[in-house]
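Some notes on the structure that comes next.
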Amino acid sequence: MPNRPLAFSDSQTFTTRKSVATATKPEAFLTIEDVSKVYPTKKGSFTVLDGVNLTVEEGEFICVIGHSGCGKSTLLNMVSGFAFPTHGEVRVQGKPITKPGPDRMVVFQNYALLPWRTAFENIYLAVHAVYPNKSQAEKRAIVREHLAMVGLSEAADKKPPQMSGGMRQRVSIARALAVRPQVLILDEPFGALDAITKEELQEELLKIWNDHRCTVLMITHDIDEALFLADRLVMMTNGPAAKIGEIMEIPFPRPRDRARIMEDPEYYKLRNHALDYLFHRFAHDE
Ligand SMILES: Nc1ncnc2c1ncn2[C@@H]1O[C@H](COP(=O)(O)OP(=O)(O)OP(=O)(O)O)[C@@H](O)[C@H]1O
């Protein structure tokens with residue numbers, strides 16, 4: 001079919017197309033736009049990330065995978081506000097991120113709890129810092145609710161050295177969620193846990209996310225973990241100057257059942273694709 005001439009001038013066409021584009025494509029909840037990160041080092045500039053683009057919808061669960069040192073933490077640090085892009089921009093609900101805030105809480109692999117404070121106190125301090133004007137009774141109720149959410153009501157008075165790794169990570173998650181963040185950032189949270197505890201915590205995290213639906217960005221080295229948890233798996237290329245190599249959609253319906261997913265032939269297709277990506281197409285040199 002021949003192209004029909006447009007009935008308006010070029011400038012009108014441009015305006016019309018632009019307004020249509022704006023109307024049909026509103027700003028995503030989280031936007032990482034053309035982000036690069038360069039660190040100055042003694043040997044000169046070191047480009048960790050180069051031209052990273054990602055948009056995330058509210059309530060999505062995103063996992064990020066990539067070889068050690070490719071810049072996963074650097075990328076998520078720019079969402080939490082602990083680091084800033086050298087070039088490009090990270091925005092939440094259209095607003096550039098200028099500092100850390102309780103709307104974006106981070107859970108680290110090493111728990112980052114105060115060892116001399118009880119589980120209750122660790123969470124209470126975070127709640128108090130964010131809601132100083134709430135009454136003590138309200139703040140204590142929030143702490144109790146979140147301890148119960150992670151199954152630790154009985155361990156409220158234990159201090160981190162008296163807890164297992166799994167319990168400490170539960171406290172960290174409860175503390176992060178107690179301030180009702182819009183974005184939960186998990187930097188390899190289960191990396192130090194044994195396989196059984198790890199699976200238990202994955203199930204709990206999914207249940208909590210299902211109930212609260214905050215947006216989750218989670219770094220993992222575990223493809224099975226990502227396939228169980230995420231809506232999309234962001235796969236980074238190797239550094240330096242890493243970028244997003246591929247984004248894998250994970251289509252399993254929710255609520256997810258691990259046994260049922262693992263019986264699905266699609267699971268092994270996706271798993272093999274991710275393995276091939278990491279260990280053939282972007283195999284680490286070392
Ligand atoms: N402040 C800094 N100054 C210079 N280089 C840095 C700085 N912070 C991180 N890097 C370097 O940036 C690269 C990416 O680090 P980053 O911690 O983001 O990687 P990662 O993918 O999260 O690694 P891992 O999986 O091992 O945690 C690494 O080579 C690291 O040494």
Side-chain angles (χ1 to χ4, degrees), residues 30-54 56 61-90 97-100 104-113 165 168-169 172-173 176 183-195 198 201-202 205 215-230 232-248 271 274-286:
L30 169 69
T31 304
I32 296 173
E33 189 171 84
D34 201 16
V35 160
S36 302
K37 181 70 183 174
V38 181
Y39 284 117
T41 69
K42 282 183 189 156
K43 292 183 190 163
S45 297
F46 178 65
T47 303
V48 179
L49 299 167
D50 188 21
V52 176
N53 287 287
L54 178 69
V56 178
F61 199 128
I62 300 287
C63 278
V64 180
I65 208 163
H67 288 293
S68 185
C70 73
K72 302 179 293 295
S73 298
T74 302
L75 182 63
L76 295 205
N77 283 345
M78 289 190 272
V79 179
S80 57
F82 292 125
F84 300 95
T86 311
H87 178 268
E89 197 168 64
V90 182
I97 289 167
T98 55
K99 57 181 182 199
R104 288 158 281 120
M105 291 297 284
V106 188
V107 174
F108 298 100
Q109 180 176 355
N110 60 5
Y111 324 118
L113 298 170
R168 283 181 219 157
Q169 203 50 295
S172 306
I173 292 170
V183 184
L184 180 64
I185 296 162
L186 302 159
D187 194 341
E188 231 198 304
F190 308 142
L193 304 178
D194 65 86
K198 187 174 178 175
L201 274 169
Q202 289 166 355
L205 177 64
T215 306
V216 178
L217 302 176
M218 173 168 166
I219 295 173
T220 180
H221 282 107
D222 180 340
I223 292 170
D224 294 301
E225 178 168 88
L227 288 175
F228 180 53
L229 296 175
R232 289 189 290 155
L233 173 58
V234 170
M235 298 191 278
M236 307 288 297
T237 63
N238 294 342
K243 45 178 85 235
I244 295 175
E246 207 174 290
I247 300 180
M248 181 192 268
R271 191 173 192 274
L275 283 170
D276 180 60
Y277 178 94
L278 286 173
F279 298 109
H280 290 109
R281 286 161 59 203
F282 287 95
H284 225 203
D285 299 336
E286 291 147 26

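Not measured: the values here are computed from a predicted model. Just so you know, ligand 1 is whichever comes first in the structure, and atom 1 is the first atom listed for that ligand.
At a heavy-atom cutoff of 4.0 Å, ligand 1 is contacted by no atom of Met236, backbone or side chain.
When atom types are taken as modelled, the side chain of Lys243 and the backbone of Asp50 share a donor-acceptor pair closer than 3.5 angstrom. A donor-acceptor pair under 3.5 Å is absent between the side-chain atoms of Lys72 and the main chain of Val64, judged by distance alone. Between the side chain of Gln169 and the backbone N or O of Pro189, at least one donor-acceptor pair lies under 3.5 Å. Side-chain N or O atoms of Asn238 include one that pairs as donor or acceptor with a backbone N or O of Phe282 at under 3.5 Å. Side chain of Arg104 to main chain of Val79: a donor-acceptor pair is present (N/O by atom type, distance under 3.5 Å, no hydrogens or angles).
A salt bridge links Arg281 with Glu246: the distance from a Lys NZ or Arg NE/NH1/NH2 to an Asp or Glu carboxylate oxygen falls below 4.0 Å.
Contact annotation: Lys37 has no heavy atom less than 4.0 Å from any atom of ligand 1. Within the structure, ligand 1 has Gly69 among the residues with a heavy atom less than 4.0 angstrom away. Assignment of Gly66 to the shell around ligand 1 is not supported, since no heavy atom sits closer than 4.0 Å.
Nearest non-hydrogen protein atom to atom 12 (O) of ligand 1 is Val48 CG2, 3.3 Å. Among protein heavy atoms, the minimum distance from atom 17 (O) of ligand 1 is reached at Ser73 CB, 3.7 Å. Atom 26 (O) of ligand 1 has as its closest protein heavy atom Ser68 OG, 2.5 Å. In terms of protein heavy-atom proximity, atom 30 (C) of ligand 1 is nearest to Phe46 CE2, 4.8 Å. Protein heavy atom nearest atom 1 (N) of ligand 1, with residue, atom name and distance: Tyr39 CE2, 3.4 Å. In terms of protein heavy-atom proximity, atom 19 (O) of ligand 1 is closest to Gly71 N, 3.3 Å. Of the protein's non-hydrogen atoms, Lys72 NZ, 2.8 Å is the one closest to atom 25 (O) of ligand 1.
Atoms of ligand 1 lying under 4.0 Å from at least one heavy atom of Cys70, given by number and element, are 19 (O), 21 (O). Residue His221 has at least one heavy-atom neighbour below 4.0 Å for each of these atoms of ligand 1: 25 (O).
Ranked by closest heavy atom to atom 16 (P) of ligand 1, the top entry among Thr74, Thr220, Asp187 is Thr74.
Note that CE of Met218 and CG of Leu233 are 11.0 Å apart. Values are rounded to the nearest 0.5 Å.
The only option from Val183, Leu217, Thr31 that meets the side chain to side chain contact (heavy atoms under 4.5 Å, CB included) definition with Val56 turns out to be Leu217.
Considering only heavy atoms from C-beta on, Met78 stays 4.5 Å or farther from Ile32 through its side chain.
Under the 4.0 angstrom criterion, atom 9 (C) of ligand 1 counts as having a protein heavy-atom contact.
The aromatic rings of His67 and Phe279 sit perpendicular to each other, their planes meeting at more than 60°, with 30° as the lower class boundary.
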